[in-house]
Protein chains: 2
Amino acid sequence: MMTSSKEAILAAARQSAQAHGYGGLNFRDLADEVGIKAASIYHHFPSKADLGVAVARRYWEDTKEDLYNLAQADDPLSALRQYPGIFRRSLESANKLCLCSFMSAEYDDLPEPVKKEVQTFADVNVAWLSEVLTAAGVVSRNKSEERARAIFAAVAGAQLMARSRSDISLFDTLIESYRATGLLPA
Amino acid sequence: MMTSSKEAILAAARQSAQAHGYGGLNFRDLADEVGIKAASIYHHFPSKADLGVAVARRYWEDTKEDLYNLAQADDPLSALRQYPGIFRRSLESANKLCLCSFMSAEYDDLPEPVKKEVQTFADVNVAWLSEVLTAAGVVSRNKSEERARAIFAAVAGAQLMARSRSDISLFDTLIESYRATGLLPA
DNA sequence: ACCTGAACACCGTTCAAGT
DNA sequence: ACCTGAACACCGTTCAAGT
């Protein structure tokens, strides 16, 4: 299976951005990883902003597919209960953060088109949660989006806190607390 | 009222770190703001790591005092209801993030002593919440710390999401949702 | 199309010198 | 004590030029 330089750059950039953010993303290390020179990256992505857009877009596209598969494979309530697992997997993978959480922190220094992709990531999550919450009968349709936002923000916060202690079990405990208090369905 | 250079550096560094993170903090811009030269900062802080430690420590010290005052001025339940206001004020101030949320994202690239201060910030918040939750009779003592962590993580997540849309009203809505679901007392 | 050398801008840091 | 100009080594970013 042949992997193009462009795809290899995209994959490496995603890993780096989840660990070091958009600001911490650097072309020399990225190039080393891919096996080309830093300047060569500019042939595939005209600027760092373009790379940032491509990485963030691919990120929400992949997440959207994961969420779709989750909803296909299971009933709404089961799918909902597995949702935090997506954020857990980032922590399992070298204590990495959701790309869009990191970029939300970096909001002030993000090129405008990158900001848009970050917001789309949130939109994709909220739309999916909203749909599944309604289908599972957890909330009425007119309250589902508000609840979806609350869940998304809280799960992202749990991931951030767990990362700051390199402690996945803390993430699990937080999610359990969200269930115990009623933010997430038990 | 005379402000020493050291205090001025500390204040400016805090503002910058809340907007751009530890990585985005740079001595030349900082010096400009204070009205001295970059090299002069080293007279007060021997290295960037030392400045980072000082900023983070001062940050949790100030927060600890704010929390103490909050608990002094009001009954436990009122104090608890005002807790999210601390995070709201950062957003009001040029859409800034909690310093320690930003540094949690940057965890991989933080000097070890800075990581410690970031964790202390979380500890201070959790200890205060735990105390107030118990005093307000919201939870039993043996469950208060778990609940305190959940609230801290969720409120930090709400601030992060609101920042990514530059929308304080989103923060307010999220907090209201936490109240409606029972994570926070109504 | 795909890649690179070399330059540019900027960073944290140091240090001898100035007040 | 407190500050600075100038320099250092390094690194991210860019572009004109190579194949």
Side-chain angles (χ1 to χ4, degrees), chain A residues 1-56 99 102-103 105-106 108-115, chain B residues 1-56 99 102-103 105-115 117:
Chain A
M1 179 65 179
M2 188 63 192
T3 306
S4 69
S5 279
K6 187 163 185 169
E7 285 302 316
I9 294 164
L10 225 37
R14 172 181 159 163
Q15 298 300 314
S16 176
Q18 282 187 254
H20 311 292
Y22 178 79
L25 187 65
N26 81 82
F27 279 39
R28 269 194 184 116
D29 290 350
L30 207 53
D32 277 354
E33 202 129 350
V34 176
I36 56 176
K37 296 292 165 186
S40 306
I41 296 175
Y42 288 85
H43 181 260
H44 303 283
F45 303 97
S47 73
K48 187 178 180 180
D50 288 287
L51 175 59
V53 168
V55 169
L99 176 67
F102 214 138
M103 287 183 164
E106 293 175 298
D108 277 7
D109 301 314
L110 248 33
E112 202 58 49
V114 178
K115 287 182 186 173
Chain B
M1 178 67 176
M2 188 59 195
T3 305
S4 70
S5 279
K6 185 163 186 169
E7 285 301 316
I9 293 165
L10 226 37
R14 171 181 158 163
Q15 299 300 314
S16 176
Q18 282 186 253
H20 311 292
Y22 178 78
L25 187 66
N26 81 81
F27 279 41
R28 282 194 172 91
D29 289 349
L30 207 53
D32 276 354
E33 201 127 352
V34 176
I36 56 176
K37 297 293 165 186
S40 307
I41 296 175
Y42 287 86
H43 182 261
H44 303 283
F45 303 97
S47 74
K48 187 178 181 181
D50 288 290
L51 176 59
V53 167
V55 168
L99 175 67
F102 214 138
M103 287 184 165
E106 293 175 298
Y107 187 79
D108 278 7
D109 301 314
L110 248 33
E112 202 56 50
V114 178
K115 287 182 186 173
E117 302 300 329

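Lettering follows sequence order; numbering is per chain, from 1.
- For the pair A/D50 CG and D/dC15 P, the computed distance is 12 Å after rounding to whole Å.
- When the options A/L25, A/I9, A/V55 are evaluated for a side-chain contact (heavy atoms from CB on, under 4.5 Å) with A/R14, the one that passes is A/V55.
- Side-chain nitrogen and oxygen atoms of A/K37 include none within less than 4.0 Å of the OP1 or OP2 phosphate oxygen of C/dC3.
- At least one side-chain heavy atom of B/K115 sits less than 4.5 Å from a side-chain heavy atom of B/Y107.
- A sub-4.0 Å separation between OP1 or OP2 of D/dC3 and a side-chain N or O of B/S5 is present.
- A stem is defined here as three or more consecutive Watson-Crick or G-U pairs, each with both distances under 3.5 Å; for DNA chain C these stems are C:4-8 with D:12-16, C:12-16 with D:4-8.
- Residue-level contact check: B/L51 touches neither bases nor backbone, having no heavy atom under 4.0 Å from any strand.
- A residue-by-residue look at A/I36 and B/Y42 shows that A/I36 has its nearest nucleotide of DNA chain C further toward the 5' end.
- When the side-chain nitrogen and oxygen atoms of A/H44 are compared with OP1 and OP2 of C/dC3, one or more of them lie within a distance under 4.0 Å.
- Note: CG (A/D32) to P (D/dT13) measures 14 Å, nearest angstrom.
- Using modelled atom types, no side-chain atom of A/K48 and backbone atom of A/F27 make a donor-acceptor pair closer than 3.5 Å.
- In this structure, the side chains of B/L10 and B/F45 come closer than 4.5 Å at one or more pairs of heavy atoms.
- Counting to the nearest Å, the P atom of D/dC15 and the NZ atom of A/K48 are 16 Å from each other.
- Atom-to-atom, NZ of B/K6 to C1' of D/dA1 comes out at 13 Å; the value is rounded to the nearest Å.
- Not one side-chain nitrogen or oxygen of A/S40 sits closer than 4.0 Å to the OP1 or OP2 atom of C/dC2.
- Rounded to an integer number of Å, the gap from CZ of A/F45 to P of D/dT13 is 14 Å.
- Residue A/N26 has no polar side-chain atom (N or O) positioned under 4.0 Å from OP1 or OP2 of D/dC11.
- If you measure from atom CD of A/E33 to atom C1' of D/dG12, you get 17 Å, rounded to the nearest angstrom.
- At most 12 non-hydrogen atoms from other residues, nucleotides or ligands lie less than 6.0 angstrom from CD of B/E33.
- Of the residues near DNA chain D, A/R28 and A/A39, the one whose nearest nucleotide (by heavy atom distance) lies more toward the 5' end is A/R28.
- Residue B/F27 contributes atom CZ, which lies 19 Å from atom C1' of C/dA9 at whole-angstrom precision.
- Listed for the B/E106 side chain is a donor-acceptor partner under 3.5 Å among the backbone atoms of B/G23.
- Here the P atom of nucleotide C/dT13 and the CG atom of B/L30 are 12 Å apart, to the nearest Å.
- Residues B/D109 and B/Y22 form no side-chain contact, since every pair of their non-hydrogen atoms from C-beta on lies 4.5 Å or further apart.
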